[in-house]
K.L.:
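Mind looking over this structure? Questions follow.
Numbering of ligands and ligand atoms starts at 1, following listing order. The figures here come from the full heavy-atom set of this structure, side chains too, leaving out hydrogens, waters and symmetry mates.
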Amino acid sequence: MPDIGGAPVAKARLAILISGTGSNMAALLYASRLPDCPYEVVLVASNNPAAPGLALAAAEGVPTFARDHKGVPRADFDAILDAELTRAGVTHVALAGYMRLLSDGFVAHWAGRMVNIHPSLLPAHKGTHVHEAVLAAGERVTGATVHLVTPDLDGGPILGRVRVAVAPGDTAETLAARVHHAEHQLYPRVVAELVSREVRPEALLDRVRALALALPEAEERLTHGTPGFFVRGGTFFARWSANHHGDGRTAVLVKASGVEEQAALIEQDPELYFRPAYLGPAGWIGIRLDTGAVDWDHVEDWLTRSWRASAPKRLARLPI
Ligand code: GRF
């Protein structure tokens, strides 16, 4: 078994957007305080300064942001919101009763990292007045769904669902209350799964491997017990590094042009780049993958560059 490492990873930094009560926000927050939860709640934001959930978040010591959206064009409002999320170092967003359509730009920016909870078994009963619709349709079973947010309202890929029986005599209110209980179980679990999926060393290595092996004549071989990638007829161009000598980092190591560029990169972004042990003097650079928000295009660019520097001449000239 190759050692892919058990480096401690940074927790995902979750923002929760609410417009009202915020009971799902509370469920996400309290779950985050249990041992081993892979996310922390770093911001609760609202388009409704009177949302009761804001007061709860503040009482719990969670930073809040509130701005009334009225009179502010949607794209401008979302830009303000986005700036707050960036300021708070948010990596993921959970919508929890956020009753405002989001602009396409905002949705695109958080694609794959923004989820919503909806009180039905999607794809059934999208939109509002869900419990009334469930009762009117004579459903015996309803539930709750967590899905990724896409421009298609309540239509993004489903990440998890939980079933709730419709009981005899249920009204929209009694049903809503029970569905809420189910939502509170579902939401923290699905958010935890989503953020863990991205930051587990196994998942990160899978992604690096897919990018590295997509390069011409690239192969994988263990080097010093950890996975490395080399070009046939050439040399290693990337190495996996996870908790190397207990350094606590999960990273991919690639070749920079030399120690000068290496130093410049580290100075430019010391949270992302580091000088790896052993390979550092040879001009390699470590790119951290445990930051909670990996820019995979950037990793791909580096792998390609490093591949080119390692490939035999006949390959290095190939347009990629
Ligand atoms: C929940 O039913 C959720 O499914 C829907 O809005 C409601 C929010 O409730 N999107 P709360 O504010 O979390 O109590």
K.L.:
To the nearest 0.1 Å, how far is atom 4 (O) of ligand 1 from its closest protein heavy atom, and which atom is that?
P.N.:
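I find the closest protein heavy atom is Glu183 OE1, 2.9 Å.
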K.L.:
Tell me the contacting part of His118 for ligand 1: side chain, backbone, both, or neither, using a 4.0 Å heavy-atom threshold, strictly below.
P.N.:
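The answer is the backbone of His118.
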K.L.:
State plainly whether the residues Glu173 and Arg178 are in salt-bridge range, i.e. N to O under 4.0 Å.
P.N.:
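Salt bridge: no.
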K.L.:
Which protein heavy atom lies closest to atom 9 (O) of ligand 1, and at what distance to 0.1 Å?
P.N.:
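Result: His180 NE2, 3.1 Å.
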K.L.:
With atom 7 (C) of ligand 1 as the reference point, say which of Ala26, Ala176, Gly97, Ala51 has the nearest heavy atom.
P.N.:
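Nearest heavy atom to atom 7 (C) of ligand 1 lies in Gly97.
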K.L.:
Where is the nearest protein heavy atom to atom 14 (O) of ligand 1: which residue, which atom, and how far?
P.N.:
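That would be Ser23 OG, 2.5 Å.
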K.L.:
Specify the protein heavy atom at minimum distance from atom 12 (O) of ligand 1: its residue, its atom name, and the distance to 0.1 Å.
P.N.:
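In this structure, atom 12 (O) of ligand 1 has Gly22 N, 2.8 Å as its nearest protein heavy atom.
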K.L.:
Can you spot which of His184, Glu183, His181 makes a side chain to side chain donor-acceptor pair (under 3.5 Å) with Ser23?
P.N.:
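Running side chain to side chain donor-acceptor pair (under 3.5 Å) over His184, Glu183, His181 with Ser23 returns exactly one hit, His184.
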K.L.:
Could you walk me through whether Ser19 and Asn47 satisfy the side-chain hydrogen bond (donor to acceptor under 3.5 Å, both in side chains) test, starting with their C-alpha distance in whole Å, then the side-chain angles of each, then the deciding distance to 0.1 Å, before giving a yes or no?
P.N.:
CA-CA 6 Å; Ser19 298; Asn47 62 324; 2.8 Å; yes
K.L.:
Check the side chains of Arg288 and Thr250 for a donor-acceptor pair under 3.5 angstrom, ignoring hydrogens and angles.
P.N.:
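Judged by distance alone, the side chains do not pair up.
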K.L.:
Show your working on side-chain contact (heavy atoms from CB on, under 4.5 Å) between Tyr98 and Val93 and close with a plain yes or no.
P.N.:
CA-CA 11 Å; Tyr98 187 66; Val93 178; over 6 Å; no
K.L.:
For residues His131 and Thr174, determine if any side-chain heavy atom of one lies less than 4.5 Å from a side-chain heavy atom of the other.
P.N.:
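His131 does not reach Thr174 side chain to side chain.
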K.L.:
Heavy atoms only: which of Thr21, Ile117, Asn24 is nearest to atom 10 (N) of ligand 1?
P.N.:
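Among Thr21, Ile117, Asn24, the closest heavy atom to atom 10 (N) of ligand 1 comes from Ile117.
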